[in-house]
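Structure record follows, encoded as structure tokens.
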Amino acid sequence: EVQLVESGGGSVQAGGSLRLSCAASGFTFDDYAIGWFRQAPGKEREGVSCIESSDGSTYYADSVKGRFTFSSDNAKNTVYLQMNSLKPEDTAVYSCAAGQECIYYSGRYYLDEYNYWGQGTQVTVSS
């Protein structure tokens, strides 16, 4: 069974940190571009970060650049999103997805197609 499972969400105060994990089963991360996305209540889903399968190039939305770091552990078939200096506006449900390549649109990075999605994990940042 193909699955993407996120974990690591929670509640923190502004300035705090969280590390999200996205573990894949049933397929190999190496073959896919992986993106992190978030959706806040009442807002559209937006791209946060994306990593290419071809060369490992990593991209970030301007709003998280310098604060978030996308990394991968191919041996564990898991990717991570280290989130530092969190702000209340980072509050959202964070999800990971697998596609073929990262694409740029309106200041953020998305996937060209969405082959697999995780169920999401809630991140709440209080002021």
Original post:
Between Asp112 and Gln100, which heavy-atom pair has the shortest distance, and what is it?
Top reply: OD1-N, 3.1 Å
Original post:
Looking at Gly47 and Arg108, what are the two nearest heavy atoms and their distance?
Top reply: O-NH1, 2.9 Å
Subject >> Minimum-distance pair of heavy atoms, taken over all atoms of Glu6 and Ser95 >> reply: OE2-CA, 3.1 Å
**OP:** Could you tell me whether Lys87 and Asp90 have a side-chain N and a carboxylate O separated by less than 4.0 Å?
**Re:** no
Subject >> Among Val48, Leu86, Asn84, the one residue meeting side chain to side chain contact (heavy atoms under 4.5 Å, CB included) with Val64 >> reply: Val48
Subject >> Shortest non-hydrogen separation from Leu111 to Cys50 and the atoms involved >> reply: CD2-SG, 3.7 Å
**OP:** Mark yes or no for whether Tyr104, through its side chain, and Gly107, through its backbone, hold a donor-acceptor pair below 3.5 Å.
**Re:** yes
Subject >> Thr124 backbone acceptor or donor facing Thr91 side chain under 3.5 Å >> reply: no
Original post:
Side-chain donor-acceptor pair under 3.5 Å between Asp73 and Thr78, yes or no?
Top reply: no
**OP:** May I ask you to decide if the ring planes of Tyr59 and Tyr109 are parallel, tilted or perpendicular, using 30° and 60° as cut-offs?
**Re:** parallel
Original post:
With no hydrogens and no angle check, do the side chains of Tyr94 and Arg38 hold a donor and an acceptor under 3.5 Å apart?
Top reply: yes
Original post:
Going by atom types alone, do Asp30 and Thr28 pair a side-chain donor with an acceptor below 3.5 Å?
Top reply: no
**OP:** Classify the ring geometry between Phe27 and Phe29 as parallel (under 30°), tilted (30 to 60°) or perpendicular (over 60°).
**Re:** perpendicular
Original post:
Hey, mind stepping through Phe68 and Trp36 against ring-ring contact (aromatic ring centres under 6.0 Å, His included) and telling me if it holds?
Top reply: CA-CA 11 Å; Phe68 290 12; Trp36 279 101; 9.7 Å; no
**OP:** Mind listing the closest non-hydrogen atom pair of Val79 and Ser72 along with its distance?
**Re:** CG1-CB, 3.7 Å
